[in-house]
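Notes for the one structure printed next.
Reminder, nothing fancy here: chain letters follow the sequence lines and each chain counts from 1. As a basis for the values below, the full set of heavy atoms in this structure was taken, side chains included, without hydrogen atoms, waters or symmetry mates.
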Amino acid sequence: MGVKKISDLFKGTPIELDQLRQKKLAVDALNIIYQFLASIRGYDGGLLSDSEGYVTSHLTGLLYRNARLLEKGIQLAYVFDGAPSKLKREEIKRRSEVKRKAREELDDALERGDMERARTVAQRTSVVTSSMIDDSKKLLKHMGIPVIEAPTEGEAQAAYLVQKKKVWAVASQDYDSLLFGSSTLIRNLTLSGRRKLPKSNRYTTINVEVFHQHELLQALELTKEQLVDMSILIGTDFNPDGVKGVGPKTAYKFIKKHGTLEDVISNEESVVLDIDIEAIREIFLKHEINDNYTIDFKPIDIEGVTEFLCEERGFNKDRVVNTLTKARKGQDSALKQKSLDAFFG
DNA sequence: CCCGTAAA
DNA sequence: TTTACGGGG
């Protein structure tokens with residue numbers, strides 16, 4: 001998922017969660033929903049769902065994560081993907097093939113009674129449906145959290161919101177937003193400060209880190225265009241394989257040596273790229289954006305949330321009200337700060 | 001993801 | 001007090 005390996009070339013700066021207080025961040029909604037579907041599961045590895053069969057894993061995740069962030073005065077704006085580009089559709093096809101295989105393996109594991117295997121494989125079968133997207137938007141709106149529609153890529157629209165100073169940064173695990181032109185990226189935005197390592201029961205502590213695009217470009221002495229070209233060599237969502245045997249270090253070396261992707265291809269025999277380079281460049285550098293949006297952080301509508309989650313989706317009311325009441329305290333102080341800022345200009 | 005509880 | 005784990009829906 002996305003460009004991930006730039007950390008081998010440039011390290012982010014650790015940042016305390018407190019430094020994000022009163023800040024607005026944009027996130028790629030589908031990415032986050034997908035992560036929740038993969039991680040929030042019952043004991044048997046199945047998704048959480050209500051009595052009617054509506055999946056609730058993602059709603060659980062969105063509720064608690066946003067509540068905790070709002071409590072800290074951190075506001076997320078959720079950007080939903082529009083129609084995928086032609087190139088992205090191929091990647092989506094590839095991913096659905098991975099999921100199909102994972103489902104087969106899941107059936108197999110269940111038949112053998114290998115629950116541990118079933119649970120890990122089940123995570124890879126996650127599919128975001130339109131019903132899940134509708135429910136997510138409904139919950140977010142009741143929580144007073146902005147929902148923004150992107151014409152195509154969510155990360156691209158999110159980056160645009162940073163450019164327009166509507167939000168301070170994009171929060172994401174991959175680096176795509178920097179290619180899309182976001183000046184600031186927050187990685188590892190987690191409240192727990194730790195993350196489970198795959199295929200084991202161990203945890204590592206992780207730091208929230210901040211990347212500034214201009215610092216990255218300065219440190220690597222690259223232009224924005226070269227950063228994109230380098231990423232295409234490594235592999236992006238639009239050419240996931242990149243170039244065989246070329247990782248971040250080699251890609252960087254090649255771009256520094258030759259300047260452009262075309263010159264890398266004509267001078268390095270090992271580099272073969274059977275893709276429409278210009279089309280990928282355009283996605284990152286000249287993408288469509290939606291200027292018709294509003295970013296409006298409103299107070300949490302506790303009644304609205306409970307009506308939806310508890311009446312319609314079977315959530316425990318005490319738990320929901322408790323969570324939201326705590327969140328509102330942090331939110332109140334954030335809104336108070338905002339009005340003070342407005343008053344003093 | 002978060003919470004509550006049990007165990008260390 | 002910290003960590004592990006099951007349950008949540």
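- As rounded to whole Å, 15 Å separates atom C1' of dG8(C) from atom CG of L37(A).
- No option in K93(A), K88(A), R89(A), R95(A) other than R95(A) meets the side chain to side chain donor-acceptor pair (under 3.5 Å) test with E91(A).
- Counting any heavy atom pair closer than 4.0 Å across all strands shown, L47(A) reaches a base atom.
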Using a cutoff of under 3.5 Å, can you pull out all pairs of nitrogen or oxygen atoms linking the protein to nucleotides 2-6 of chain B, with atom names and distances?
| unit_1 | atom_1 | unit_2 | atom_2 | d |
| --- | --- | --- | --- | --- |
| dC2(B) | O2 | R319(A) | NH2 | 3.3 |

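- Donor-acceptor pairing under 3.5 Å is lacking for the side chains of Y34(A) and D28(A).
- Among the nucleotides dC1(B), dG9(C), dG6(C), the one closest to the side chain of T56(A) is dG9(C).
- Atom NE2 in H58(A) sits roughly 11 Å away from atom C1' in dG9(C) (whole-Å rounding).
- Note: CG (N316(A)) to C1' (dG8(C)) measures 9 Å, nearest angstrom.
- In this structure, R119(A) and D50(A) both approach DNA chain C, and ranking their closest nucleotides by distance from the 5' end singles out R119(A).
- The separation between L309(A) atom CG and dG8(C) atom P is 17 Å, rounded to whole Å.
- Remark: P of dC1(B) and CG of L62(A) are 13 Å apart, rounded to the nearest angstrom.
- Summarising the geometry, the separation between OH on Y34(A) and P on dC1(B) is reported as 16 Å, rounded to the nearest angstrom.
- Between H142(A) and F308(A), the ring-plane angle classifies as tilted under the 30° and 60° cut-offs.
- In this structure, L76(A) places its CG atom 14 Å from P of dC1(B), rounding to the nearest Å.
- Remark: K24(A) fails to qualify as a cation-pi partner of W168(A) under the 6.0 Å distance and 45° angle criteria applied to the six-membered ring.
- In this structure, F238(A) has its ring center under 6.0 Å from that of F284(A).
- Taking the six-membered ring for Trp and thresholds of 30 and 60 degrees, H287(A) and F180(A) have ring planes more than 60 degrees apart, a perpendicular arrangement.
- One interatomic measurement links the two molecules: OH of Y54(A) to C1' of dG9(C), which rounds to 15 Å at whole-angstrom precision.
- With salt bridges taken as basic N to acidic carboxylate O contacts below 4.0 Å, none links E282(A) and K86(A).
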